[in-house]
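Keep in mind that this is a model prediction, so the values were computed, not measured. Order of the sequence lines fixes the chain letters, A, B, ..., with proteins taken first and strands second; residue numbering starts at 1 for each chain.
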2 protein chains.
Amino acid sequence: MNIGEIARRAGVSRSTVSYVLSGKKAVSEPTRQRIQAVIDELDYRPNATARALREGRTHTLGLVIPPATARLTDMQLGFVASVVEAAARVDLDVLLSPSGGDHDRSFERIVTSRRVDGVILMEIRLEDDRVSRLRQTGLPFVTIGRTADPSGMSWVDVDYAGLISRCVGHLADLGHQQIALVNRSAELVAAGYGPGHRAQVGFSAAVTERGLTGVEVCCGDDASAGEACVEQLLAAHPDVTAIATINEAALPGMQRALDTAGLAVPRDFSVAGVAARHWAEDFRPALTAADLPMLEMGADAVALLMECIATPQAPPRHQLYSPPISLRASTGPVRGR
Amino acid sequence: MNIGEIARRAGVSRSTVSYVLSGKKAVSEPTRQRIQAVIDELDYRPNATARALREGRTHTLGLVIPPATARLTDMQLGFVASVVEAAARVDLDVLLSPSGGDHDRSFERIVTSRRVDGVILMEIRLEDDRVSRLRQTGLPFVTIGRTADPSGMSWVDVDYAGLISRCVGHLADLGHQQIALVNRSAELVAAGYGPGHRAQVGFSAAVTERGLTGVEVCCGDDASAGEACVEQLLAAHPDVTAIATINEAALPGMQRALDTAGLAVPRDFSVAGVAARHWAEDFRPALTAADLPMLEMGADAVALLMECIATPQAPPRHQLYSPPISLRASTGPVRGR
DNA sequence: TTGTACGCGTTATCAT
DNA sequence: ATGATAACGCGTACAA
């Protein structure tokens, strides 16, 4: 079923059918109706591939995700969902590309074969060669997270440094002197993963500024790693009375470890962090945390990308989220000796 | 940059370049090398859209997921990741379509505009009009889960009925007489969601066969729903000593509720279920459960779909998973009075 | 090895 | 004002 068939049945030329479809040129009412009737009857829809070829636009955007082998965290997946949804709202389809290492076939295919109008890049590192690759191809792109030097590109990111600073400040206000940062996994931090790195920076700054003792530990992105991590932390640093964290996937395990150690939250121990609302509220007691606006971030990323596509010469824009810390039940004054 | 440009620079015709690219026809070695050099130099890759138009294949498959508004469960998302990964291994791209209600623009676009070579449909119901829609279009598709009458189509599914039966059997062997089924959400079950429905069936059958008392409750797909659900369950049916569940997302909450009620697992209370390994191992104590082979399911779905695409007239195939129950630490003999 | 038709829809141009 | 003709986007594959 193609446009020629419709034209034949309606007794007109292909172009007339096309004009009825697009409305870009006036077609007399009787003709229009006759054509529309045929279209409706056969449930005809133009071939998206042919249209894309002609228009030079695929109405598709690429979303580069971390490979599934490194289990995606709930937050990453939530982000994928929010991007897909935001794209669907503006009639854009989303092509997924799992891309981990440097040159990945799927990634290359997407960026070099003009399968998409633009790309959203997740989980980027401070130095990220996928970014350089995209830059050199000239394909519009938006990153989630930013590189060390994000000038000249569009991105959305969370101000992990500032948020962790504020968490530490909040804990310090409550009298905590020995505070630990539970970061993301050691591999990620070592690989120059932005949030991990910036959380460190914000943590150090706040600890120094407030004259506190800070302990930094890395922790895998899952519950059992969280449990082991806090267990070790408590053993090595028994005087730590509070944790600040950006590792939401580890929260359930951290909770268990505190439980096992007989530490009641917030009476004996405080925890604050940066997390999607969902995770914060599932913590027991509910976590004092800066709630990441996941849905908004996905929608904004799509919006930024559409801008890049529409006006490539326009100056890039970005969005740095610094949501307020929602005071819940997991932080309290340090226990007197 | 297109094939004509390569041809011009190499001083040959476009067809010759095409043959070098595809290898479908012999090209003399010197010419081949000259052309290849130009291709390498300019890092040329054929336009996927043009190729798709000509070949009538997009090398893309559609994955229809539940809309993000209804937060996707970890399992669903894990499945998405496994499909994407499996597809990437065979050089297929995956186009995501969030589709909830009956006629969704994104779904329609994908199935009627020939954007994809085939579709994988997630989260289908016993009666699912997306299935009917796909059937009438003739687009190859594979479903995750099966409709009431799955004849004539390819699918992969988990034998929830059988697995829940075996869970109940295991609990009965341990002496439990009052067993509850914690199902998926009431809306899903009411909407004719296969796993929910079949879990009910398997549960009833096993309960009857063993002469037990069974209680069925529905439960939202998240931790807090699980907590509330078990809380109510314990209040309404204080003599229940064991739970069988297919609702993995609710597990953390169920755990909390048992905790709060002062019930030690497995001493005072047993829990068994069907869950991805990851969830089972995060339960405390580790959950006795039939471990869902998520990665395998995704890979098999892709493989089945490729078969459908390659030989549309071939008889449809399916895969029913019935993984063994891994005995962990959450089930034990019923406590003597 | 090359010329050329083809896949399908869009749109500028021309004819009525 | 309305509709038709034809070129075009890009790669593929058959006939020559």
Check ion pair Glu108(A)-Arg105(A) (N to O, under 4.0 angstrom): no
- prompt: Could you state the CD-C1' distance from Glu55(B) to dA13(D), rounded to the nearest angstrom?
  reply: 10 Å
message: Closest-nucleotide mapping onto DNA chain C: is Leu53(B) or Ser13(B) further toward the 5' terminus? I mean the 5' end.
response: Ser13(B)
message: I want to verify a distance call: between dC10(D), dG9(C), dT12(D), whose nearest atom is closest to the Ile3(A) side chain?
response: dG9(C)
message: At a heavy-atom distance below 4.0 Å, what parts of residues 16-25 of chain B sit against DNA chain C?
response: Thr16(B), Tyr19(B), Lys25(B)
message: Classify Ser28(A) by what it touches in the nucleic acid, base, sugar-phosphate, or nothing, heavy-atom distance under 4.0 Å.
response: sugar-phosphate
message: Without decimals, in angstroms, what is the distance between Arg8(B) CZ and dG11(D) P?
response: 12 Å
field: Residues forming a salt bridge (Lys or Arg N to Asp or Glu O under 4.0 Å) with Arg89(B), sequence neighbours excluded
entry: none
- prompt: Could you state the CG-C1' distance from Asn2(B) to dC8(D), rounded to the nearest angstrom?
  reply: 12 Å
- prompt: Arg34(A) has an atom CZ; how far is it from atom P of dT2(D), in whole Å?
  reply: 14 Å
query: side chain to side chain donor-acceptor pair (under 3.5 Å): which pairs involve residues 303-314 of chain B, sequence neighbours left out?
result: Glu307(B)-Arg317(B)
Taking only distance into account, with no hydrogens and no angle test, what donor-acceptor pairs under 3.5 Å do side-chain atoms of residues 17-25 of chain B form with protein atoms, sequence neighbours excluded?
residue, atom, partner, partner atom, Å
Ser22(B), OG, Ser18(B), O, 3.2
Ser22(B), OG, Lys24(B), N, 3.2

query: Do Asp157(A) side-chain atoms and Leu320(A) backbone N/O form a donor-acceptor pair below 3.5 Å?
result: no
query: Taking CZ from Arg32(B) and P from dT1(C), how many angstroms apart are they, rounded to a whole number?
result: 11 Å
message: Checking side-chain polar atoms at under 3.5 Å, does Asn2(A) have a donor or acceptor matched by the opposite partner on Tyr44(A)?
response: no
message: Can a donor-acceptor pair be found, under 3.5 Å and without considering hydrogens, that links the side chain of Arg125(A) to the backbone of Gly192(A)?
response: no
task: Answer yes or no: is there an ion pair linking Glu123(B) with Arg146(B), defined by an N-O contact shorter than 4.0 Å?
output: no
field: SB check Asp43(B) Arg133(A) (cutoff 4.0 Å)
entry: yes
Could you list, one pair per line, each protein nitrogen or oxygen that sits under 3.5 Å from a nitrogen or oxygen of nucleotides 4-6 of chain C, together with the distance?
residue, atom, partner, partner atom, Å
dC6(C), O2, Arg54(B), NH1, 2.5

query: Would Ser15(A) and Ser13(A) count as having a side-chain donor-acceptor pair, cut-off 3.5 Å?
result: yes
query: Is there a donor-acceptor pair closer than 3.5 Å between any side-chain N or O of Thr137(A) and the backbone N or O of Leu134(A)?
result: yes
message: Which residues in residues 39-50 of chain B have a heavy atom closer than 4.0 Å to any atom of DNA chain C?
response: Ala50(B)
